[in-house]
Amino acid sequence: MRLLAALLVWLTFTAAAVAAPAQTALEQALKAGAAPMASGTQRTERIEAELVPMSAWATPGATAIVAVRQKIKPGWHTYWRNQGDSGGPTTLSWNLPDGVVPGDILWPLPERQRLQSLMNYGYSDAVLLPVSLQIPGSMQPGQTLSLRVAAHFYVCSDEMCVPEDLDLVLSLPVRDSAAPLDPRYGQAIQAVVASAPRPAGIEARAAFADGRLTLSAVGGPLAGAAPKWAYFFPFEGGIIDHAAAQTGQRGAQGLTLTLAPGRGLAANGLKPPLAGVLSTDLGAWEISAEQGAVLPGASGEGALGDGEAAQASASSTTPVAFLQAALFALLGGLILNLMPCVFPILAMKAAALSRSAHEPAEARRDGLAFLAGVLATFLILAGVLLALRAGGQALGWGFQLQSPGVVAALALLMLAVALNLSGVFQIGAGLQGAGHGPLARLPGAAGAFFTGVLAVVVAAPCTAPFMAFALGAALLMPWPMALAVFLMLGLGLALPYVLISLSPRLLSRLPRPGPWMETLRNLLAFPMYGAALWLAWVYGRQTSDALALLFGAGLMLALALWLWGRSQAAPGKGRLAAIAAALSLLAALGLGVLAARAAPASTSGAASSAHLPSQPWSEQAVQAALAEGRPVLVNFTADWCVTCKINEGAALSSPRTAEAMQAANAVYLVGDWTRRDDAITAELQRHGRSGVPLYLLYAPGRTGPRILPQLLTEGTVVDALKDAAR
């Protein structure tokens with residue numbers, strides 16, 4: 001009992017030690033003078049601006065994100081990419097080191113700024129305009145990137161408009177490791193990147209006739225969503241009368257807007273595609289409308305509000321949204337029991353059920369204790385995740401297995417559980433009583449509670465259908481609502497076991513206790529050995545030449561537990577064995593600490609876990625392939641995600657899939673999330689996900705990707721590729 005308690009304490013402190021490696025690294029960088037340095041805020045009478053980074057440093061071969069921060073004087077404003085009826089957009093002229101390639105401004109959703117008969121689109125008070133920078137792989141750690149940009153602003157009030165030019169400079173250090181968020185503005189920039197409008201698989205059509213411009217949009221997040229209001233921000237000026245009201249109707253699959261044409265449209269006619277941002281009470285997305293009649297399902301179910309007043313009071317935390325997320329979390333937790341991630345824990349559940357099958361009171365107690373363990377662990381993990389994200393960390397669900405120290409600790413813990421089930425040592429054998437048999441596990445409610453803890457820690461990294469939506473929504477809610485959603489997920493995971501434990505009729509169908517229980521106990525050890533080996537393999541993928549340390553820790557732990565078992569077999573005569581066991585345990589702990597601190601493996605190569613010929617994922621790689629007219633299949637995966645590995649082995653490595661990829665001339669990109677990657681975390685969030693797996697299929701000429709099921713089959717992938725190639 002004491003040994004397992006020590007193991008749990010060690011796991012807790014190891015997790016705490018590795019949960020904040022980014023913060024420690026940032027503190028060291030600040031002490032070493034390697035933090036980002038700006039030349040200072042540049043000011044005029046109407047605006048102040050500076051160039052600020054999202055991350056504390058840049059990594060060779062990766063993408064860094066910086067932002068132009070604007071602090072605008074009250075009563076004044078700057079402009080969006082389409083300024084509306086007056087003013088002009090912010091423009092940036094870069095002066096960068098060789099090989100550093102800037103992207104376009106990622107524009108946040110603008111405000112509607114009405115001025116008498118005019119309507120402008122822009123920003124007031126403060127705004128961050130993020131820009132991605134592609135860092136060349138030739139950059140060496142220790143170097144400093146000197147970034148310079150000439151920013152041109154139109155700063156306007158109700159009475160006048162003044163052009164302002166400011167030269168902004170930022171010195172960004174280069175380091176060969178994943179960077180934490182910058183402590184000043186990193187979290188704010190990350191929020192802008194995550195919430196900026198992007199394509200989302202919405203199909204749109206535009207028609208100009210009888211002096212009216214009709215815009216219809218269906219599919220994607222609009223399907224079955226019943227928005228209350230909508231507003232269209234065109235990318236190009238002159239297409240619509242910006243100040244005119246936008247009226248419309250909702251439909252079963254989307255919505256239709258009727259827009260007043262602008263002077264440019266009236267003079268030149270409609271020249272599709274009509275591109276812009278569709279903003280609704282459900283969210284905002286980029287759309288591109290080809291010319292055509294109103295799409296089916298885009299009207300006929302009631303009028304849309306004008307949006308201007310509704311948008312000011314709209315909230316993403318409505319009771320309906322919360323209840324929907326909670327229900328999906330419950331369903332996702334139920335389905336999670338069928339996911340491969342939970343298979344090792346089924347061994348412990350089966351052992352517990354077999355032990356208490358014919359003692360209803362004990363079965364009920366164990367069922368409720370298991371539920372308590374699941375809910376408590378979900379609450380702790382969710383609380384840590386929300387707290388770290390609030391502190392600026394880019395984390396998703398399953399973050400604990402992105403830390404090699406936690407993976408090493410779990411591997412050793414799984415080994416200890418397996419040895420216990422094999423009968424190498426006993427825990428609480430004297431307390432279990434003769435009637436229960438020598439079932440090697442923690443006795444009573446404590447064992448059931450501990451089983452619930454392990455179930456969550458091992459199962460949480462994978463996401464199930466419905467669960468993905470619930471977690472994505474929860475991470476955007478206030479923390480009380482978010483924790484409630486996570487608790488519903490835990491309830492779903494524990495519910496089947498609890499219902500069985502509360503049903504004497506089901507329990508009575510199991511055989512009576514007897515020698516078969518010892519055989520079952522030994523047999524169920526092997527899934528736990530498998531889990532330990534799997535975690536050791538994941539640890540090897542995450543670290544550089546440190547697997548021997550983990551193997552050494554496992555060997556010493558096994559020796560310590562065997563010696564402890566020998567001392568249990570000879571009460572009063574096993575003092576020497578107990579001392580040797582303690583020394584071996586100390587050696588295991590020492591090697592385990594060294595393994596937890598091992599250096600990370602290099603991430604410069606191609607992404608791992610790809611069975612098809614692949615390239616590492618990046619937004620630039622997606623756009624480059626689409627520009628060539630090629631479909632793109634993106635696999636966001638991780639070595640610790642068992643569902644991901646099964647999908648890759650069954651659906652993404654078959655000859656039929658390879659033939660379909662070749663026939664479609666498709667590109668296969670892999671986003672490896674085994675270790676923390678802020679860019680992948682942000683991309684998951686854009687698609688409403690907080691964890692892997694996620695499969696996206698882009699088709700040339702279509703807006704937004706198609707999201708494939710989380711449980712893939714060969715036929716699903718082949719059919720999707722054929723459709724993308726049409």
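Computed from a prediction, not measured in an experiment: that's the story for all the values here.
For Leu379, the side-chain contact (heavy atoms from CB on, under 4.5 Å) criterion is met by Leu483, Leu487, not counting sequence neighbours. Legend: residues meeting side-chain contact (heavy atoms from CB on, under 4.5 Å) with Val634, ordered by chain and number and at least two apart, are Trp617, Val622, Val632, Phe636, Leu669, Leu696, Tyr698. For Ala536, the side-chain contact (heavy atoms from CB on, under 4.5 Å) partners two or more places apart in sequence, or in a different chain, are Leu550, Phe551. Annotation: ring-ring contact (aromatic ring centres under 6.0 Å, His included) contacts of Phe526 (sequence neighbours excluded): Tyr529. When the side chain to side chain donor-acceptor pair (under 3.5 Å) test is applied to Thr59, no partner is found at least two apart in sequence or on another chain. The side-chain contact (heavy atoms from CB on, under 4.5 Å) check on Ala372 picks up Phe449, with sequence neighbours excluded.
Under the 3.5 Å distance criterion, with hydrogens and angles disregarded, no donor-acceptor pair is assigned to the side chains of Ser653 and Glu648. Of the N and O atoms on the side chains of Tyr695 and Asn647, at least one donor lies less than 3.5 Å from an acceptor on the other residue.
Side-chain contact between Leu489 and Leu330: absent, with no pair of heavy atoms (C-beta onward) separated by less than 4.5 Å. Side chains of Leu563 and Phe425 form no contact here, defined as non-hydrogen atoms less than 4.5 Å apart. The shortest distance between side-chain heavy atoms of Leu491 and Leu371 falls below 4.5 Å. Using a 4.5 Å cut-off on side-chain heavy atoms (C-beta onward), Leu415 and Leu419 make contact.
Separation of atoms CG (Leu331) and CE (Met488) is listed at 8.5 Å; rounding is to 0.5 Å. Taken from CD1 in Ile680 to CG in Asp672, the straight-line distance is 6.5 Å, to the nearest 0.5 Å. Rounding to the nearest 0.5 Å places CG of Leu493 at 9.0 Å from CG of Leu334.
Residues Thr637 and Cys644 come closest through the heavy atom pair OG1-CB, 3.2 Å. The two residues Tyr497 and Gly367 have their closest heavy-atom pair at CE2-CA, 3.6 Å.
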